[in-house]
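What follows is a set of notes on a single structure, which appears directly below.
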2 protein chains.
Amino acid sequence: MNRRTPLTQDRIVTAAIEVADEQGFDAVSMRRVALHLGTGTMSLYRHVADKGELVSAMVDRVTGEYSCTGADTSGMGWRERMHLLARSDWRMFMEHRWMLAATTTLAPPFGPDSLASMEWALEALSPLGLAPHEAARVIMTVTTYVQGSVRVVLGGPGQVRDQDSPGAADPGLQWQARLRDQDIHRFPRLEELVHGHRPEADRDWFADGLDLILDGVPDRSR
Amino acid sequence: MNRRTPLTQDRIVTAAIEVADEQGFDAVSMRRVALHLGTGTMSLYRHVADKGELVSAMVDRVTGEYSCTGADTSGMGWRERMHLLARSDWRMFMEHRWMLAATTTLAPPFGPDSLASMEWALEALSPLGLAPHEAARVIMTVTTYVQGSVRVVLGGPGQVRDQDSPGAADPGLQWQARLRDQDIHRFPRLEELVHGHRPEADRDWFADGLDLILDGVPDRSR
DNA sequence: ACGTGGATGAGTACACCGTACGCATCGTGT
DNA sequence: ACACGATGCGTACGGTGTACTCATCCACGT
């Protein structure tokens, strides 16, 4: 059929990402991706070994698109760069919700973009004079903090939220919606957390929580 | 068949957990769980609405088993209790490796045990005088730190490691095994991280990283 | 003691999945 | 003109979750 535009791994990955964005991660099947491309199902296997490889390629692609390595960070301190990293990751997970499921099920990414991203983050922390493994730990902590925050806000894989900015979707509100009131009375502190919550009081809880983490990072250079 | 011991949701969940522990998370299918119980596949649906509900029940069960709520924590400071929480979580993910995939794919748990666990953690942080949402953020950060560490050590879902204690399985060694040397030279800091790594230098990296996080937690009581 | 009805278990069937295999077709080098 | 490798595709198989239907058993009212 599509002899004019030959099948490529790139085209397949693009189609798969579109399917995932539009119909969810579970909808990404070889048949549906092929349908989206207007090709036969088995044609995909000429360019992709596995479904696993397809998913890995999807993750690599998206990871690269949201990498900070291209940003102009001159004049930024290490803290600002960590915020930039966290915001980029946040946007990535928000604009491609399936990425949460895809990355957590998968092995940690080792594509060139991921490595470059790690290098960039290590570079950003270099003024602190940390030991390499310390810096790596900070980066991992920041990254997992983002994923944890995203998971709380998204509230699971099937959930759909309309807010894409971190300040808008508030975790406290999520909990409120879920908890039945008769359960909650046995847990006074939890109740205080859920009911005594004022949405406007902490506008940018995401950045605040990140700063909490960064406050614990020692500066060994001075 | 098994009229003597009637089918229960509890029995089904137990069987499913056994299957997951022995054959991996992907092996948990309704047919296999039923086979493990010696019953028909469809019999399970009398006690479980969905496969999703089954998995949720599995997660709830295991979560409850590793809860800190039963531990004797008198005389422990908030920091020790956070360490206890983190260690419990670590052991849980290590002894039931499928839990990583199960929890990250799923919605955040809202079973009674999970709520009690959250209440316990909030209680543990109470001497710090934090605002509720601040305390919740600390707990989330600790929890996600554990998951991130576990994921790094496990190195993906299919990987099998023989080490179960956090001090033994070192993340740096994992990276070393994965990276091809020709790639790494373009990333000097990454290279330093990977090659300049001394396994004996940081014995308990898990606890150290946790302390890094806890160092950033403010004490508003004094 | 005897139906009888509801609860429980099990079997069949369907749509969908990943993918191994083999065949048709095309573009290109000789 | 011919052969051949590369590319696309159709069929088929074993697996999955589960909707629907029937078989069986236990407890209960009469």
Side-chain angles (χ1 to χ4, degrees), chain A residues 1-60 98 101-102 105-107 156-158, chain B residues 1-60 98 101-107 156-158:
Chain A
M1 175 172 285
N2 265 323
R3 277 289 183 279
R4 225 83 293 260
T5 57
L7 224 46
T8 332
Q9 167 142 350
D10 274 351
R11 284 188 64 214
I12 296 175
V13 171
T14 305
I17 291 176
E18 285 173 9
V19 170
D21 283 341
E22 293 163 11
Q23 314 181 45
F25 190 49
D26 290 345
V28 178
S29 73
M30 302 306 266
R31 293 192 218 294
R32 234 176 310 241
V33 172
L35 198 74
H36 197 76
L37 284 165
T39 73
T41 306
M42 284 305 113
S43 311
L44 306 182
Y45 284 92
R46 292 281 172 197
H47 308 270
V48 159
D50 241 11
K51 184 184 177 179
E53 191 182 288
L54 207 190
V55 175
S56 286
M58 292 168 67
V59 170
D60 279 348
W98 50 271
T105 309
L106 243 53
Chain B
M1 175 172 285
N2 265 323
R3 276 288 182 280
R4 225 78 299 257
T5 57
L7 224 47
T8 333
Q9 167 142 349
D10 275 351
R11 284 188 63 215
I12 295 175
V13 171
T14 305
I17 291 177
E18 285 173 10
V19 170
D21 284 340
E22 292 164 12
Q23 313 181 45
F25 191 50
D26 289 345
V28 178
S29 72
M30 300 308 265
R31 284 170 171 76
R32 230 175 314 242
V33 172
L35 198 75
H36 197 74
L37 284 166
T39 73
T41 307
M42 284 303 115
S43 311
L44 305 182
Y45 283 92
R46 291 282 170 194
H47 309 270
V48 159
D50 241 10
K51 184 182 177 181
E53 191 182 287
L54 206 190
V55 175
S56 286
M58 292 168 68
V59 170
D60 278 349
W98 50 271
T103 53
T104 50
T105 309
L106 243 53

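Note: hydrogens, waters and symmetry copies are ignored here, and every other heavy atom, side chains too, is used. Each chain gets a letter, A, B and so on, in the order the sequences are listed, and its residues count up from 1.
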*Between atom CE in B:Met42 and atom P in C:dG11, what is the gap in whole Å?*
11 Å
*asked:* For a quick test of reading the model: is some side-chain N or O of B:His47 closer than 4.0 Å to OP1 or OP2 of C:dG9?
replied: yes
*What about B:Arg31: does its side chain form a donor-acceptor pair under 3.5 Å with the base of D:dG17?*
yes
*Assign A:Val33 to base, sugar-phosphate, or nothing according to its heavy-atom contacts below 4.0 angstrom with the strands shown.*
nothing
*So, for B:Ser29 and B:Lys51, which heavy atoms are closest and what is the spacing to 0.1 Å?*
CA-NZ, 4.5 Å
*Please give, in whole Å, the distance from C:dA20 P to A:Leu44 CG?*
13 Å
*Whole angstrom is fine here: how far is it from OH in A:Tyr45 over to C1' in D:dA12?*
14 Å
*Residue pair A:Val28 / A:Val55, side-chain heavy-atom distance below 4.5 Å*: no
*Which distance, rounded to the nearest 0.5 Å, do you find between the CG of A:Leu44 and the CD of A:Glu53?*
12.0 Å
*Should B:Thr39 be listed as having a side-chain N or O under 4.0 Å from OP1 or OP2 of C:dG9?*
no
_Pair of N/O donor and acceptor under 3.5 Å linking D:dT16 base with B:Arg32 side chain_ = no
*asked:* Students often get this wrong, so: under 4.0 angstrom with heavy atoms, is A:Val48 touching a base, only sugar-phosphate, or nothing?
replied: nothing
_Length of the CD-P vector between A:Glu53 and C:dG18, whole Å_ = 15 Å
_Stepwise side chain to side chain contact (heavy atoms under 4.5 Å, CB included) test for B:Asp26 and B:Trp98_ = CA-CA 9 Å; B:Asp26 289 345; B:Trp98 50 271; over 6 Å; no
*What is the distance, rounded to the nearest whole Å, between atom CD of A:Gln9 and atom P of D:dT7?*
13 Å
*Write down the distance between CZ (B:Arg46) and C1' (D:dT18), rounded to a whole number of angstrom.*
13 Å
*To the nearest Å, give me how far apart NZ (B:Lys51) and P (D:dT16) are.*
9 Å
*For B:Leu7 and D:dC25, what is the distance between atoms CG and C1' respectively, to the nearest whole Å?*
15 Å
*Mind listing the closest non-hydrogen atom pair of A:Thr8 and A:His47 along with its distance?*
CA-ND1, 4.2 Å
